[in-house]
Amino acid sequence: SRGLGDVYKRQLALSAAMASFAQTHVMDVNTKKTAAAATDSTNNATATGKGRDKGVFVCHIDEMPQFPGGEKALMKYLSNNVRYPKGAIKSGAQGRVVLQFVVDEDGRVTDVKTVRSVHPLLDAEAERVARGMPDWKPGRREGKNMRVKYTLPISFKMPTGTIVNPKAYQEWRRYLKAQRDSTGMK
């Protein structure tokens, strides 16, 4: 029989599969301009957007940054390291925390921040795990390492039948509504 921890790990591993849909951004190290990037089936990225200077620029990434061991290793890392906070379980908090971070020229994960909050404890846990990631293989363009910004969703889903504190649940729902109201989300 599997314990509750195994159920959480399995659900986190499945939700980590969403990492393949992560939006990326490229930062040109020389000009400090950023741009949204979309990867194609050959793992190249074309980026367009407005930099600090006037106009639009385009960046082509020869190699996207890669978690050591690839996407499956990233999913395994997330499922092994994310711990569902007890306070969040008590309140019934669940959902998708969206993080942004930069993989710098040396492959280090920096500038981790939550861009879509679900619950303060879940946000903190997702950020903790992202900050603890091992160095990635950095993105490259024309033989030079590039800074690349990733948007990574991490889903937290509680198994059916989890006992929730009704008062804590109502507090969490109010928090979630306030977050959505402040960002204009429905």
Side-chain angles (χ1 to χ4, degrees), residues 1-25 34 36-39 65-104 107-136 147-186:
S1 116
R2 293 187 172 146
L4 193 55
D6 292 332
V7 173
Y8 290 130
K9 281 185 180 183
R10 220 174 33 253
Q11 289 177 341
L12 287 169
L14 292 174
S15 65
M18 295 176 66
S20 63
F21 298 106
Q23 179 185 7
T24 61
H25 291 75
T34 60
T39 59
Q66 186 176 32
F67 186 84
E71 189 176 316
K72 285 185 180 180
L74 174 59
M75 290 187 292
K76 183 176 180 180
Y77 172 83
L78 292 173
S79 69
N80 288 338
N81 290 284
V82 172
R83 303 287 177 249
Y84 216 117
K86 290 182 181 182
I89 292 171
K90 210 184 249 188
S91 69
Q94 60 183 359
R96 184 173 53 204
V97 175
V98 180
L99 296 179
Q100 276 188 347
F101 57 87
V102 173
V103 178
D104 71 9
R108 290 186 304 256
V109 173
T110 63
D111 304 332
V112 177
K113 67 178 181 176
T114 298
V115 294
R116 183 166 187 254
S117 176
V118 173
H119 185 281
L121 293 173
L122 298 180
D123 303 343
E125 178 61 10
E127 287 182 17
R128 180 194 68 79
V129 171
R131 284 189 181 96
M133 285 184 185
D135 290 352
W136 291 43
R147 291 172 51 90
V148 179
K149 183 183 284 184
Y150 271 81
T151 302
L152 178 68
I154 300 178
S155 292
F156 292 84
K157 182 164 175 55
M158 296 190 338
T160 304
T162 303
I163 298 173
V164 175
N165 178 317
K167 185 176 179 181
Y169 178 78
Q170 289 303 318
E171 288 174 19
W172 170 65
R173 296 301 294 177
R174 282 192 292 276
Y175 171 83
L176 194 58
K177 183 180 182 326
Q179 288 294 314
R180 290 185 176 158
D181 290 347
S182 70
T183 60
M185 296 180 69
K186 292 187 178 192

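In this structure, NZ in K90 is found 12.0 Å from CD1 in I163, a value given to the nearest 0.5 Å. Rounding to the nearest 0.5 Å gives a distance of 13.5 Å between OG of S117 and CZ of R96. Within the model, atoms CZ of R174 and CG of D181 stand 13.5 Å from one another, a figure rounded to the nearest 0.5 Å. In this structure, E125 CD and Y84 OH are separated by 11.0 Å, a value rounded to the nearest 0.5 Å. Here CD1 of I154 is found 5.0 Å from CG of L99. Values are rounded to the nearest 0.5 Å. Considering CG of D111 and CZ of R131, their distance stands at 9.5 Å, rounded to 0.5 Å.
For L121 against A88, the heavy-atom pair with the smallest separation is CD1-N, 3.6 Å. The minimum heavy-atom distance linking R116 with D123 is given by the pair O-OD1, 4.4 Å. When every heavy atom of H119 is checked against every heavy atom of A93, the shortest pair comes out as CD2-CB, 3.5 Å. The shortest non-hydrogen separation linking V109 to A130 is CG1-O, 3.6 Å.
Side chains of E171 and S91: no donor on one and acceptor on the other come within 3.5 Å.
Between L152 and M133, the closest side-chain pair of non-hydrogen atoms falls below 4.5 Å. Residues Y77 and V129 form a side-chain contact, since some pair of their non-hydrogen atoms from C-beta on lies under 4.5 Å apart. Taking 4.5 Å as the limit, every side-chain heavy atom of V118 sits out of range of all side-chain heavy atoms of Y175. At least one side-chain heavy atom of K113 sits less than 4.5 Å from a side-chain heavy atom of V115. Counting only heavy atoms from C-beta outward, the side chains of E127 and F101 never approach each other to under 4.5 Å. Side-chain contact between V164 and M158 is present, with at least one heavy-atom pair separated by less than 4.5 Å.
Every ring pair (Phe, Tyr, Trp, His ring centres under 6.0 Å) that Y169 has, sequence neighbours left out, goes to W172.
Distance alone, capped at 3.5 Å, places no donor-acceptor pair between the R147 side chain and the V102 backbone.
The aromatic rings of W136 and Y150 sit tilted relative to each other, their planes meeting at an angle between 30° and 60°.
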